[in-house]
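Hydrogens, waters and symmetry mates play no part in the numbers below; they use all other heavy atoms, side chains included. Naming: A, B, ... by sequence-line order, numbering from 1 per chain.
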There are 2 protein chains.
Amino acid sequence: MTPASARPPGRPRAGIDAVVFAATLKTVHDLGYAGATMDRIAAAAGVAKTTIYRRWPSKGALIADCLVDALGPVPVRGADRAEDMAAAIRWIAAKIGEPGVGAAFAGVFVDAVSDPGLREVLSTRLQDPYRRALEEAWGEPEHRVLFFIDVVVGTLLHRMGMTGEPMVEADVNALIAMVGLHFI
Amino acid sequence: MTPASARPPGRPRAGIDAVVFAATLKTVHDLGYAGATMDRIAAAAGVAKTTIYRRWPSKGALIADCLVDALGPVPVRGADRAEDMAAAIRWIAAKIGEPGVGAAFAGVFVDAVSDPGLREVLSTRLQDPYRRALEEAWGEPEHRVLFFIDVVVGTLLHRMGMTGEPMVEADVNALIAMVGLHFI
DNA sequence: CCTTTTCGCTACCATCGGTATCGAAACTGA
DNA sequence: TCAGTTTCGATACCGATGGTAGCGAAAAGG
């Protein structure tokens, strides 16, 4: 039980996280999510692959933390909830336009569909922090779909004219597919 | 050079395409795109993997043809172009809500980012047919981005309020990410 | 200088997309 | 009935990828 301020001895690990994050985004931007091999990310960061796996348990966890680092805190003020929602949409749209972020998002979510462990990782490292931020800004949470994730997608669907009904998986899949078509 | 009506001898191949298509969609729906292994698809279809690879050169080509088969022809009438566009959006939204289709779309497009060969496959088997259908319905093609693919995504972005500017990669990535968030 | 922790390197495993090979099945035509 | 032709199924295999194990070396504190 060492004091919290005491730094343990051993080889320094200073700055490695930031270097790996930058290398990850650059590699994903250059080669796509599937092309961003862990070996290539490690090479781009000038770091051994084992070092990455000592800090993140999987590629998905690395991507999730990398996205949190790239996005930063959601800019909520807490005054007007509707205004906050609109601001959040503009915020994530701008952030995700940065090199590599969009491709990283799409890739990790596609993998998450067939990997329950990855879904839990994403929930813990991506969804929960932003959910907490909105809870603190907006007060106590409602039990219906009013968190950030749902707000963004729900607003998107509402603006598309698919409103009236609660959001269903079909709508989300439709959106993904329509957007994905442009990658052709 | 046999006559067109003459069926070549040998073991029958009747109905295998349809069986494989159905098994592909079901497997993708149940296990996701990454979880839909070629071995699993073959097993679900009751067919040897080599048989699938004798008919489709790659997993991407199988998915592309499977999607074309699942979508069917785009319902264009050619009278009012704006009306056709709106109908096309509703059409693809409904079609892609069917089991497995949305996940197949998202997965194959994510892979296509880092695979030029797959991009060409998708262009040939997915984009070109629908582009031709719209050319025939709307007359001669315009050289600007007025084909179906562009129309769907462009209209989507327009309705989101991101209009005014030409569509850029950042917007598309932002959409993918926003939608993907809901998969958590 | 000694201990402790982390880093890098190599080797390795399981899985997946894709290929090669070969015997068996099934249809056509005589 | 019986070739001849073509496809199907099974197995074995290859390269790449995510992920792990083990070990020696580097760098920090004490």
Applying salt bridge (charged side-chain N to carboxylate O under 4.0 Å, His left out), name anything that partners D39(B), two or more places apart in sequence or on another chain. K49(B)

May I ask you to verify if any side-chain N or O of T51(A) is less than 4.0 angstrom from the OP1 or OP2 atom of dC7(C)? no

Any salt bridge between K26(A) and D30(A), counting N to O under 4.0 Å? yes

Go along nucleotides 14-27 of chain D 5' to 3' and tag each nucleotide: B for a protein heavy atom under 4.0 Å from its base, S when only backbone or sugar atoms are that close, - otherwise. ---SSBBB----BB

Return the value, rounded to whole Å, for the distance between atom CD1 of I41(B) and atom P of dC16(C). 12 Å

Cation-pi check, K59(B) to Y33(B): give yes when NZ or CZ is under 6.0 Å from the six-membered ring centre and within 45° of the ring axis, no otherwise. yes

Rounding to an integer number of Å, can you tell me how far I52(B) CD1 sits from dC16(C) C1'? 14 Å

What one should report as the nearest heavy-atom pair of G100(B) and V28(B) is O-CG1, 3.5 Å

When every non-hydrogen atom of A48(B) is compared with those of A42(B), the smallest separation belongs to C-CB, 4.1 Å

